[in-house]
Participant: 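Sharing a structure with you now.
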Amino acid sequence: MITLLEVKKIVASPIVWILLLLFTAFNSYQIYMHAPMKDNMHLVNAIIDEHGTVMDEQGQANLKADYLEEMQAWNELSKKKQGQTYATMQDFFQAENYYSIMDNNVYSEKEMVYASNLAVKETYVLEAEEIVQRYHNINVEDLATNYIRLFRLSGEAAEVVKKHYHSFQPRFDELKQNDEYLSLFFNGKAYETHSFLFRSLFLSVMIEAALLIALVTSFIVNYEFDQRTALVTYSTKRGRQIVKNKLNAAIIASMTMVAFLLSSTLFTYFLVFDYSRLWHVPISSGFLTESNNMAFMSWWKLSFLQYVLLSCGLVFVTLFLVTLMIFVLSMWIRNSYVVFFLFFIIAGLFILLPGEIPRNSEWIIYAHYTPFSLMLGVKYWWMESGAFTTYKYYELVTVSVWFVLFATTSLFCIKRFYQQNLS
Amino acid sequence: MIIWNELKKIFTFKTIILLSLVTFVFYHLFILFDIDYFPNGRPATDEFKVVKQMIDEYGEYMDEAEFSHFKDIYNRQKQEAEMYIGAQKELVDAGVDTYEKFKAYDISNQTVNNVRDRIFHEEGVDVFWELQAREGIIERYEHPEYVGDAILMEEQQNRIDELRQTKQYTSTMSWIVFENYNNLIGNVALLIFLSIMIVVTPLYLQDRKNKVMLLQYTSKLGRRLFSHKFVAALIATTAVLLLQMLLFFSLYKGNGTFMFLPLQINSIFNYIISWYDLTFLHYIILTIIGIYVIGISILLMVAYISSMTPNYMTNIGSQIPLMFLLIIFGVDYFVRNITSLYLPQLLWPILLICFIGVAATLFIVKVKRERVRDVL
């Protein structure tokens, strides 16, 4: 009951609602800016309907036969209208060629749509061939060596990176063996959906939620001090135990806000982009690889749906940690204005931390095992993710360690509060 | 005297610590990179060196005679490079004996590519990098039409035509310096705005929360205290702004771009085309004016918010959208690339006036209301 009354203090604050709506509007705006690419993206659905999602040798051959057939039809048309044929649609869409065609209105609108659809199909045919080649060339140990050189690591740090990458080898072999990497997905080079969804949007949601949580938690916890009711409230029989209710209320409010932001953003995203055929496609698809040529390779065989759900779960857990952290800060400082800024200072310091550690110490790797580095790396959760965070249980270890840490500190703060001098 | 006491309330030990921590973290995350790594990588480093040489030798502009001198140096260095190429056995064996042949990238010729990689990246032979930098400069000097050819509006086209005929278009300014400054000043502006918010946030809220206002408003000074507090905040804001600027420019001095200050920014070697004839120093002063005007507007808005909100949650919460706007749109239009030809000529002054106008109106209305407000 008391917990609910505490929650009511937040529900009754218009600023929380205003911010929630503004943040949702901002996230929707980001999606809106990307929306035009959906028309081309959805062409993959037709391919999936016809050829399935696995582009193994059989699948590739089918797709290619299909593509060649259409290409031939196109060439017959172009021969009639233009007097020339094309080896690929890429040639057709070369700037010199394309603009002269557009100026002279050689093709009807319908034919141009056909052409651009065919060009998209072509990218999938070519991409499939390229993926086989690219994954053939990936060598897990070379990846590790490259990272070690890139970050100029040495000594223990380099050893740990090598060890972690070595343990990735079986999984890499597996995802090549079972054709996971050949699963059809939106072409990452053209649309970069993975970066957009899991970096732009998820990171936006997490930052927005952290801002709200910092405001709300410090507000509830120090409400009695701000309102000068502390001396009355905390001297009653129920008295100081209220602080537990406050913590519960803060957690309930925070998690509700996270749920609201995450669900509204994801709902808009999946409303705009049609993932209906892709829910059960493995996330380790080579098609998702973006222009930096870094493959997305998960530690387990996860479908896209499982991946989204797992990531959402981790968002909740990390923001739960943020709530606990702000609770501890508020219990310690008692001034919500200072707590708010201090939280972001601490977050910044944790992000800076790895840069200050000597590059031969294995602590440079463990310095990434913080909630803040975890949040920043959202794009590579549960995946091979570069020198510092490639470890099968990176997410789980980070979250558990910090959970234990924050939970015990919170309990300690509550215990201490029972005997604290308040006046 | 009251103002002095208010100032003491603004700059408590706590706020100073908070401000320095924010500054420390912000500098490390967003600012120091562009200072530590300037110029960033090669051939930017080499080009910076070449441009500095140009300024030393040719002064503020590079005319035709000086350009041919520049090309002579290029050719001399080319010979030097060819000597180096001649000494590489693999290259001579592969039939690559001139610099032109060495430059032409052929993906199939693996041995030549390996040697090229070695020369550029492993050994990092200066001559080759410098040649690259000089080629870029020569190219831009010979093709002034490369700059700003995507422009459509007539006025903009006229401005470009006008620039191409004037001497200032051959100014020895460099895009490396300009880009670096633009990156830096945008982030510094954000830090300054954040600092102002931190300083001003408790201005009115603190006393109202502690119920001191009832006492204050019945004193002799009475409700005029509201304005006195604002004056104190204005002084504090200016002080914070000045200190931040001092800190930044003393660090920026380390970039060694002093000699670029009197150069025209409208140059074939720079990417901005401005509506006005500005030197780099003028441009810097304009950015500072922009930051100051926005800073004062933020002071007015945050003071307004601080006088209206019941608690810190609402207070800081109301400032978040403001900061969001500044981060996403504000800095690009207020501080970075100002007076650019790609934006309407009057956009910058009008935006600034609107921004400060809205903030001032809000605050003045509040000041008037405060005089007759029911305080209980």
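All chains are named by letter (A, B, ...) in the order of the sequence lines, taking the proteins before the strands, and each is independently numbered beginning at 1.
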Participant: Counting only non-hydrogen atoms closer than 4.5 Å, does A/Ile15 touch chain B with its backbone (N, CA, C, O), its side chain (CB onward), both, or neither?
Facilitator: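 Contact with chain B is through the side chain of A/Ile15 alone.
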Participant: Could you walk me through whether B/Phe24 and A/Leu349 pass the side chain to side chain contact (heavy atoms under 4.5 Å, CB included) check?
Facilitator: CA-CA 9 Å; B/Phe24 175 83; A/Leu349 287 175; 4.0 Å; yes
Participant: Tell me whether the count of non-hydrogen atoms from other residues, nucleotides or ligands lying under 6.0 Å of CD in A/Gln90 goes above 12.
Facilitator: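 Open: at most 12 neighbouring heavy atoms sit under 6.0 Å from CD of A/Gln90.
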Participant: Go through the atoms of A/Ile345 and report whether side chain, backbone, both or neither lie under 4.5 Å from a heavy atom of chain B.
Facilitator: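 A/Ile345 touches chain B through backbone and side-chain heavy atoms alike.
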Participant: In terms of heavy-atom contacts, does CZ of B/Arg373 have more than 12 from other residues, nucleotides or ligands at under 6.0 Å?
Facilitator: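 Counting neighbours around CZ of B/Arg373, more than 12 heavy atoms of other residues, nucleotides or ligands fall under 6.0 Å, so yes.
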Participant: As an exercise, state the distance from CE of B/Met313 to CG of A/Asn222, rounded to the nearest 0.5 Å.
Facilitator: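 So the CE of B/Met313 and the CG of A/Asn222 are separated by 12.5 Å.
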Participant: Classify the angle between the aromatic ring planes of B/Phe324 and A/Phe23 as parallel (below 30°), tilted (30 to 60°) or perpendicular (above 60°).
Facilitator: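 B/Phe324 vs A/Phe23 ring planes: tilted.
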Participant: Against chain B, label A/Phe340 side chain, backbone, both or neither, depending on which of its atoms sit under 4.5 Å from a heavy atom there.
Facilitator: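 The answer is the side chain of A/Phe340.
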Participant: With chain A, which of B/Thr309, B/Ile316, B/Leu29 has the greatest number of heavy-atom pairs at distances under 4.5 Å?
Facilitator: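 Most heavy-atom pairs within the cutoff with chain A belong to B/Ile316.
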Participant: Picking from A/Ile18, A/Asp226, A/Leu22, which has the most non-hydrogen pairs under 4.5 angstrom with chain B?
Facilitator: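 Heavy-atom pair counts peak at A/Asp226.
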Participant: B/Tyr312 side chain to A/Leu215 main-chain N or O, any donor-acceptor pair under 3.5 Å?
Facilitator: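 Not a single qualifying donor-acceptor pair exists.
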Participant: Side chain, backbone, both or neither: which part of B/Ile320 has an atom under 4.5 Å from a heavy atom of chain A?
Facilitator: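 The side chain, not the backbone.
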Participant: Side chain, backbone, both or neither: which part of B/Thr15 has an atom under 4.5 Å from a heavy atom of chain A?
Facilitator: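 For B/Thr15, the side chain is the part near chain A, not the backbone.
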Participant: Heavy-atom distance under 4.5 Å to chain A: side chain of B/Lys14, backbone, both or neither?
Facilitator: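 The answer is the side chain of B/Lys14.
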Participant: If I measure from the heavy atoms of chain B, does A/Val16 come under 4.5 Å with its side chain, its backbone, both, or neither?
Facilitator: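 Answer is side chain: those atoms of A/Val16 sit under 4.5 Å from chain B.
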Participant: Less than 4.5 Å apart, any side-chain heavy atom of B/Val22 and any of A/Phe344?
Facilitator: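 B/Val22 does not reach A/Phe344 side chain to side chain.
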Participant: Any idea which heavy atoms bring B/Lys209 and A/Arg228 closest together, and the distance?
Facilitator: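 Distance-wise, the nearest heavy atoms are O-NE, 4.3 Å.
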Participant: Heavy-atom distance under 4.5 Å to chain A: side chain of B/Leu205, backbone, both or neither?
Facilitator: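 No part of it gets close to chain A.
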Participant: Please examine the side chains of A/Ile351 and B/Val25, heavy atoms only from C-beta on, and report whether any two atoms are closer than 4.5 Å.
Facilitator: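 Not in contact.
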Participant: Can you tell me how far the OG1 atom of B/Thr201 sits from the CZ atom of A/Phe341, to the nearest 0.5 Å?
Facilitator: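 With rounding to 0.5 Å, OG1 (B/Thr201) is 5.0 Å from CZ (A/Phe341).
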Participant: Please check if atom CZ in B/Arg118 has more than 12 non-hydrogen atoms from other residues, nucleotides or ligands closer than 6.0 Å.
Facilitator: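 Buried by this count: over 12 neighbours within 6.0 Å.
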